[in-house]
J.: 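One structure, pasted below without further comment.
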Amino acid sequence: MAVDKSTPAKPMTIVETTQSRTNTSIGQLITELSNQVTTLIRGEIELTKVKATTLAKKAGAGGALLAVAGVFALYLLGWVFHTIELALELAVAPWLASLITALILLFIVIVLALVGVVLLKKGMKDKPEPQVNMKLNIAAAKKGMEK
């Protein structure tokens, strides 16, 4: 049962009503309130799950690219030492070839690291914040209890 949960549900808006319920008992109202609160809490939990899943996917992609950049950085370090070795041997052509290779690897590392950082920042935008919606829900419930 595959369900696409990549787009989280939009938060509900507060709706004020002016209906009077003269035939409704206190017990029925309490039961309705209990059911609504339960539904609201379940919805918040589901929204938090969806946001956490989205965050994990985006952060995972950014982390993977940073790991690849780290591997290339290790190769770069090897090439730098190899270049230093060739430079000390005073062999100009091999040294120049090694330096060009090292610069290419440096460019790849920089590009992968920058893309990884951008993906991590995008992933952090979807960080779940259930406390914000819960504060709105509590305020709405308090406002409803005052009537």
J.: Please tell me if the side chains of Leu114 and Val118 come closer than 4.5 Å, counting only heavy atoms from C-beta onward.
T.: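 Leu114 vs Val118: side chains apart.
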J.: Starting at CG of Leu40, measure out to CD1 of Ile45 and round the result to the nearest 0.5 Å.
T.: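 Leu40 CG to Ile45 CD1: 10.0 Å, rounded to 0.5 Å.
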J.: Among the clusters formed by ILVMFWY side chains lying less than 4.5 Å apart, do Leu120 and Val109 turn up in the same one?
T.: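 No, Leu120 and Val109 fall in different hydrophobic clusters.
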J.: Taking the side chain as every heavy atom from C-beta outward, state whether Phe72 and Val68 have any atom pair closer than 4.5 Å.
T.: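 Yes. Closest side-chain heavy atoms under 4.5 Å.
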J.: So how far is it from Thr53 OG1 to Lys58 NZ, rounded to the nearest 0.5 Å?
T.: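 Spacing of OG1 (Thr53) from NZ (Lys58) equals 12.5 Å.
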J.: Any sub-3.5 Å donor-acceptor pair from Ser34's side-chain atoms to Ile30's backbone N or O?
T.: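 No: the side chain of Ser34 does not pair with the backbone of Ile30.
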J.: If you take all heavy atoms of Ala113 and Ala69, which pair is closest and at what distance?
T.: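 Of all heavy-atom pairs spanning Ala113 and Ala69, the closest is N-CB, 3.9 Å.
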J.: Rounded to the nearest 0.5 Å, what separates atom CD1 in Ile26 from atom CG in Leu33?
T.: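 Ile26 CD1 to Leu33 CG: 11.0 Å, rounded to 0.5 Å.
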J.: Run the side chain to side chain contact (heavy atoms under 4.5 Å, CB included) test against Val117 and tell me which residues pass, sequence neighbours left out.
T.: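 If we apply the side chain to side chain contact (heavy atoms under 4.5 Å, CB included) test to Val117, skipping adjacent residues, the hits are Leu66, Lys121.
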J.: Which residues pass the side chain to side chain contact (heavy atoms under 4.5 Å, CB included) test with Leu74, sequence neighbours left out?
T.: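 In terms of side chain to side chain contact (heavy atoms under 4.5 Å, CB included), with neighbours along the sequence ignored, Leu74 is linked to no residue.
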J.: Apply the hydrophobic cluster definition, ILVMFWY joined by side-chain contacts under 4.5 Å directly or through others, and give me every member besides Met124.
T.: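 In the cluster with Met124 are Leu55.
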J.: Find the distance between OG1 (Thr31) and CD (Gln28) and round it off to the nearest 0.5 Å.
T.: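 Going from OG1 on Thr31 over to CD on Gln28, the span is 7.5 Å.
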